[in-house]
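Take a look at the structure set out below.
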Amino acid sequence: MKLAKSIEEIRADFPILSMKVHGLPLIYLDNGATTQKPEQVIQLMDQLYRSANANVHRGVHFLSDIVSDRYESARETVRAFINARRKEEIIFTAGATASINAVAFSFGEKYVREGDEIIVSEMEHHANIVPWQMLCGRKKAVLKVIPFTDEGLLDLEAYRSLITERTRIVAVTHASNVLGTINPVKEIVAEAHRNGIPVLVDGAQSIQHGVVDVTDIDCDFFVFSGHKVYGPNGIGVLYGREKLLNELPPYQGGGDMVATVSFRQTTYNDLPFKFEAGTTNFTGAIGLAAALDYLTALGREAVEEREQALLASATAGLSSVSGIRIYGTAPRKVSVVSFLPGDIHQYDAGMILDKMGIAVRTGTHCAQPVMERFDISGTIRASIAFYNTEEEIDALIDGVRKVTEMFG
Ligand code: PMP
């Protein structure tokens with residue numbers, strides 16, 4: 001599978017990649033935290049504010065019509081990108097966190113009672129733990145946790161044994177932001193569905209790496225953030241199965257989400273507007289669609305293939321540095337490598353790498369239970385995108401080797 005552009009052409013699309021830091025070329029390997037934006041998105045955002053700005057769904061005038069059409073066509077782009085059945089199943093939110101909170105609140109209000117159970121996994125980002133803990137606190141429900149193995153694989157037998165007749169929802173990540181593990185979400189969903197339980201899949205770390213098909217996964221909710229998939233910040237998506245979304249109450253009230261309002265009674269709008277109260281980030285949604293179009297044009301399978309090749313080089317190279325421990329060695333991973341160089345503190349190593357122009361993330365990565373599982377205070381994480389090069393991976397490996405030599 002070949003990318004539609006050469007690596008030089010791709011890198012030229014992302015202006016920030018030619019920047020220098022500390023007088024050295026930037027080597028950006030923190031794509032799991034946020035991705036860089038192509039000109040196609042940056043220019044579009046600029047153009048929207050210059051020549052296509054008006055409030056969405058709020059007017060009969062020329063500009064409002066243009067924006068409303070583009071907003072609804074962005075919804076269709078998202079639908080096609082994740083292969084949802086209907087455009088009404090795509091809700092625009094502020095990001096993955098906002099989407100999970102929306103489900104935890106709305107689904108929780110309707111379906112969770114005292115003594116009910118919610119299942120998450122031990123490898124979740126805090127965004128897929130805390131909203132469920134808050135719900136459990138409100139409803140006196142119980143949070144149950146699927147453990148993972150030393151390799152970073154979910155223990156599916158333990159998962160099966162956690163399901164009871166009190167389980168109301170399962171919420172798991174598609175790919176771990178620390179370990180890189182791609183979870184067998186299809187299997188997890190099938191098992192939950194055999195027991196009549198819906199599943200939320202956190203796609204914040206999967207959507208940018210390969211083809212995601214919510215119809216094939218058969219999940220009930222799927223969430224992701226625009227900024228991690230080469231789109232703008234402050235926009236995200238909540239996909240929900242139409243039947244479930246129709247059953248759930250809105251979690252925020254305001255303009256656009258209503259059909260009629262009076263002091264006697266208010267009726268709600270149809271999907272997807274029922275869940276989009278107030279002025280949404282319509283510019284962000286249109287920018288997100290441009291980012292998804294960029295990936296589609298590049299070739300999503302080719303993106304995945306390139307990232308897997310870079311991941312293999314990074315894993316092999318880092319493993320060859322003496323004293324390195326890699327966290328997350330599952331056979332199917334997204335292009336994320338977490339590691340610790342001997343006893344050197346991850347923060348010291350991260351600071352030295354920064355001086356070499358290499359941007360990596362250090363710390364707990366908002367996944368403290370993963371750190372607790374390994375009894376460590378944090379890791380260094382290199383997260384790779386298709387625009388990274390083999391030379392950059394070599395520079396990372398060299399840099400890490402130098403750090404270990406410096407600390408003896
Ligand atoms: N889930 C996972 C797996 C993540 O990696 C992240 C972001 N690091 C989130 C959820 C939350 O995303 P956001 O902060 O964009 O809402």
Side-chain angles (χ1 to χ4, degrees), residues 28-37 78 82 91-105 120-134 145-146 148 152 154 170-185 188 199-210 212 217 219 221-239 251 280-281 284-285 287-288 291-292 307 327-328 330 332-338 359-371 373 378-385:
Y28 187 75
L29 293 170
D30 195 17
N31 296 287
T34 202
T35 51
Q36 301 303 346
K37 320 302 170 200
V78 173
I82 62 172
I91 317 279
F92 286 117
T93 67
T97 302
S99 300
I100 298 169
N101 275 278
V103 176
F105 192 83
V120 297
S121 91
E122 197 180 13
M123 67 170 78
E124 299 308 313
H125 184 279
H126 297 162
N128 203 24
I129 299 175
V130 184
W132 303 111
Q133 277 179 326
M134 290 163 71
V145 183
I146 314 166
F148 66 81
L154 285 185
V170 175
V172 286
T173 194
H174 197 175
S176 160
N177 66 320
V178 180
L179 309 167
T181 314
I182 301 173
N183 286 318
V185 282
I188 291 169
V199 179
L200 176 144
V201 173
D202 175 357
Q205 296 291 343
S206 64
I207 190 81
Q208 62 279 57
H209 292 298
V212 167
I217 297 170
C219 52
F221 301 105
F222 186 90
V223 307
F224 67 91
S225 293
H227 72 96
K228 290 187 199 280
V229 63
Y230 311 100
N233 191 20
I235 185 77
V237 169
L238 164 60
Y239 155 81
Y251 66 104
T280 54
N281 182 0
L288 169 59
L292 301 183
E307 289 178 347
Y327 295 88
R332 288 188 65 232
K333 285 179 61 172
V334 293
S335 46
V336 165
V337 202
S338 270
V360 288
R361 176 109 184 247
T362 58
T364 64
H365 318 297
C366 295
Q368 285 182 25
V370 175
M371 305 304 138
R373 165 70 174 72
T379 71
I380 303 170
R381 180 187 72 182
S383 45
I384 302 162

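Atoms within a ligand are numbered from 1 in the order they appear, just like the ligands themselves.
- Atom 10 (C) of ligand 1 has as its closest protein heavy atom Asp202 OD2, 3.3 Å.
- Side-chain atoms of Asn101 never come within 3.5 Å of backbone atoms of Pro131 as a donor-acceptor pair (strictly under, hydrogens ignored).
- Below 4.0 Å from some heavy atom of Thr173 lie the following atoms of ligand 1, by number and element: 3 (C).
- Residue contacts with ligand 1 for His365 are absent, since no atom lies close enough (heavy atoms, distance under 4.0 Å).
- Residue-to-ligand polar distances place His125 within reach of ligand 1: an N/O pair is separated by less than 3.5 Å.
- Contact record, Val178 with Thr364: CG2-O, 4.4 Å, taken as the closest heavy-atom pair.
- Ranking protein heavy atoms by distance to atom 16 (O) of ligand 1, first place goes to Thr97 OG1, 2.6 Å.
- Counting only heavy atoms from C-beta outward, the side chains of Thr379 and Met371 approach each other to under 4.5 Å.
- Each of the atoms 1 (N), 2 (C), 4 (C), 6 (C), 9 (C), 10 (C) of ligand 1 lies under 4.0 Å from some heavy atom of Ala204.
- For atom 5 (O) of ligand 1, the closest non-hydrogen atom on the protein side is Gln205 NE2, 2.7 Å.
- Residue contacts with ligand 1 do not include Glu124, since none of its heavy atoms lies under 4.0 Å from the ligand.
- Near Asn177, the atoms of ligand 1 lying under 4.0 angstrom from a non-hydrogen atom of the residue are 5 (O).
- In this structure a side-chain-to-backbone donor-acceptor pair under 3.5 Å is present from Asn183 to Thr173.
- Within the structure, ligand 1 lacks Asn128 among the residues with a heavy atom less than 4.0 angstrom away.
- Panel note: side chain Gln208, backbone Tyr230; no donor-acceptor pair is recorded below 3.5 Å.
- Ser176 and Thr181 share no side-chain donor-acceptor pair at under 3.5 Å.
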- request: Please report the C-alpha distance between Ile207 and His209 in whole Å, then the side-chain angles of each, then the deciding distance to 0.1 Å, and finally whether the side-chain contact (heavy atoms from CB on, under 4.5 Å) criterion is met.
  value: CA-CA 6 Å; Ile207 190 81; His209 292 298; over 6 Å; no

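- Annotation for ligand 1: atoms under 4.0 Å from non-hydrogen atoms of Ser225 are 12 (O), 13 (P), 15 (O), 16 (O).
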- request: Please lay out, stage by stage, how Leu200 and Asn128 fare under the test side-chain contact (heavy atoms from CB on, under 4.5 Å).
  value: CA-CA 9 Å; Leu200 176 144; Asn128 203 24; 3.9 Å; yes

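- Distances from ligand 1 to the non-hydrogen atoms of Lys228 include at least one value under 4.0 Å.
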